[in-house]
Amino acid sequence: MSSKIRRSDEPVYWGLFGAGGMVVGMALPALLILMLLQGLGVNCFHYFSLISHWWGALAIFVIIAGCLWHGLHRIYHSLHDLLIKPTPLHHYVLYWGALVLTVLAGVFVFGYYLIINGFLNLSLQQ
Amino acid sequence: MDNNVKSYRKPYNRPVKRTWWADWSFYVAYMLREGTAFLAVFVALELLVITALPFCAIKGADAAVTAVLSNPIAFILNLIALVAAVFHAFTWYNLMPKAMRMFFTKKPDDTRLIPDKFYVFGLWGATAAATLVIILVLTLV
């Protein structure tokens with residue numbers, strides 16, 4: 001057992017949880033309204049037009065990452081309420097999951113932006 | 001808390017039912033609030049799948065997005081997610097003045113705090129503005 005006191009990494013996760021909570025409250029209602037309308041046949045959710053702009057890609061990346069870090073942090077801390085004793089394995093799975101999915105979101109969102117604007121010489125199924 | 005002193009103590013752990021929260025409306029609201037996290041993760045995964053569509057061998061990404069969003073299961077989950085997001089916002093904004101307490105002035109003898117309703121109205125106002133901007137941008141872009 002090491003006698004050195006390690007700094008907790010919790011503030012980082014809490015900060016991401018807080019930022020994500022703001023994203024969920026501010027951006028998700030509008031986004032979900034448009035997604036529901038699109039599902040009903042109203043052509044209003046111009047997702048790929050949005051992420052073909054750098055600011056749109058950035059916004060969508062922030063929204064996806066915010067939802068992930070907010071949701072998975074809250075799920076981790078709610079395990080206790082579901083009578084599941086949180087173990088380091090739960091922590092690894094949820095937070096590595098959040099990181100991997102965030103990277104994946106970044107690859108897809110910015111990949112789409114780069115390819116559609118010709119910065120990457122690849123073709124997409126349009 | 002590592003402790004290598006041998007203990008003969010046998011603490012009594014009161015049995016807790018899995019539905020411990022169901023008898024109090026306060027804890028039901030608490031569990032619903034925590035439950036909104038699952039919907040937030042669902043929306044993130046849904047957006048991730050949508051973004052991945054043009055990378056897959058699917059002809060016509062825009063049509064595929066409409067197909068995903070008009071799927072009945074996805075539609076119902078989106079509807080629940082919308083309610084969850086608004087409920088989350090309601091709880092989140094009410095908790096904000098407790099998380100960050102701000103004074104009216106910087107004068108040392110003035111300890112008046114900014115009232116809770118300023119935060120709540122301000123945050124709902126910002127949400128209304130953000131909603132308007134997102135709807136306009138995504139419709140017109």
Side-chain angles (χ1 to χ4, degrees), chain A residues 1 18 20-41 43-53 56 59-60 63-68 70-75 77-78 81-83 98 101-102 104-105 107-109 111-112 115-116 124-126, chain B residues 2 16-18 20-21 30-31 34-48 50-62 65-66 68-71 74-75 78-79 81-82 85-86 88-90 92-93 99 123 126-127 130-135 137-141:
Chain A
M1 203 174 79
M22 226 57 202
V23 166
V24 173
M26 296 255 173
L28 273 207
L31 209 59
L32 283 165
I33 288 169
L34 292 173
M35 286 160 78
L36 286 166
L37 286 174
Q38 185 75 31
L40 290 172
N43 183 24
C44 58
F45 185 63
H46 300 148
Y47 185 77
F48 290 114
S49 310
L50 179 70
I51 63 170
S52 59
H53 300 281
I60 289 296
I63 288 172
I64 296 178
C67 289
L68 285 170
H70 172 79
L72 291 169
H73 179 85
R74 189 165 245 181
I75 288 170
H77 283 280
S78 299
D81 300 318
L82 300 170
L83 307 193
L101 290 172
T102 301
L104 215 54
V107 168
F108 284 135
V109 172
Y112 183 88
I115 292 169
I116 216 74
L124 284 169
Q125 305 283 338
Q126 271 301 326
Chain B
D2 284 332
V16 181
K17 279 186 296 179
R18 206 158 275 277
W20 60 268
W21 43 271
Y30 166 78
M31 288 304 266
E34 300 295 290
T36 61
F38 288 96
L39 277 313
V41 173
F42 164 74
V43 175
L45 295 177
E46 188 182 17
L47 288 174
L48 197 56
I50 286 174
T51 319
L53 286 174
F55 294 85
C56 308
I58 293 172
K59 294 270 185 288
D62 284 315
V65 171
T66 310
V68 168
L69 293 176
S70 54
N71 177 292
F75 186 84
N78 282 336
L79 205 57
L82 174 61
V86 174
H88 159 86
F90 173 76
W92 193 259
Y93 300 163
L123 287 164
T127 306
T131 303
L132 198 66
V133 168
I134 291 171
I135 288 177
V137 166
L138 257 169
T139 312
L140 301 175
V141 75

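Proteins come first, then strands; the chains are lettered A, B, ... in the order of their sequence lines, and each starts at number 1.
Here the shortest heavy-atom pairing between B:Y93 and A:M22 reads CE2-CE, 4.3 Å. Pairing each heavy atom of A:I64 with each of B:A44, the nearest pair is O-CB, 3.8 Å. Closest heavy-atom contact between B:T127 and A:G25: CG2-O, 3.5 Å. The two atoms that bring B:A85 and A:L32 nearest to each other are CB-CD1, 4.5 Å, heavy atoms only. Across B:P54 and A:F48, no two heavy atoms sit closer than the pair CG-CE2, 3.3 Å.
You'll find the side chain of B:Y30 reaches within 4.5 Å of the side chain of A:D81, heavy atoms only. Side-chain contact check for B:S70 versus A:L40: every heavy-atom pair is 4.5 Å or farther apart.
Counting heavy-atom pairs under 4.5 Å between each of B:L140, B:V16, B:V133 and chain A puts B:V16 at the top. Contact tally against chain A (heavy-atom pairs below 4.5 Å) for B:L79, B:V137, B:V86, B:L123: the top residue is B:L79. Ranked by heavy-atom pairs under 4.5 Å with chain A, the list B:T66, B:I134, B:L138 is led by B:L138. The greatest number of non-hydrogen atom pairs below 4.5 Å with chain A, out of B:G35, B:A40, B:A130, is found for B:A40.
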Could you walk me through whether A:L83 and B:K17 pass side chain to side chain contact (heavy atoms under 4.5 Å, CB included), step by step?
CA-CA 8 Å; A:L83 307 193; B:K17 279 186 296 179; over 6 Å; no

Please step through side chain to side chain contact (heavy atoms under 4.5 Å, CB included) for the pair B:T36 and A:R74, ending with a clear verdict.
CA-CA 9 Å; B:T36 61; A:R74 189 165 245 181; 3.7 Å; yes

What do the steps show when you test A:Y47 against B:T51 for side chain to side chain contact (heavy atoms under 4.5 Å, CB included), and what is the final call?
CA-CA 9 Å; A:Y47 185 77; B:T51 319; 2.6 Å; yes

Checking side chain to side chain contact (heavy atoms under 4.5 Å, CB included) for the pair A:L31/B:L47: CA distance, chi angles, key distance, verdict?
CA-CA 10 Å; A:L31 209 59; B:L47 288 174; 3.9 Å; yes

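Neither the backbone nor the side chain of B:V68 comes within less than 4.5 Å of any heavy atom in chain A. With a threshold of 4.5 angstrom between heavy atoms, B:L45 approaches chain A through side-chain atoms but not through N, CA, C or O. Proximity to chain A is absent for every atom of B:L132, based on heavy atoms less than 4.5 angstrom apart. Within the 4.5 angstrom heavy-atom criterion, no atom of B:F42 approaches chain A. Using a 4.5 Å cut-off between heavy atoms, B:V43 touches chain A through its side chain atoms alone.
B:W21 places no side-chain N or O within donor-acceptor distance of the main-chain N or O of A:L82, the cut-off being under 3.5 Å.
Note that CG of B:L69 is 6.5 Å distant from CD of A:Q38, once rounded to the nearest 0.5 Å. One distance of note links CD1 of A:I60 with CG of B:L48; it measures 11.5 Å at 0.5 Å rounding.
Taking the six-membered ring where tryptophan is involved, the planes of A:F108 and B:F55 are tilted, since the angle between them lies from 30° to 60°.
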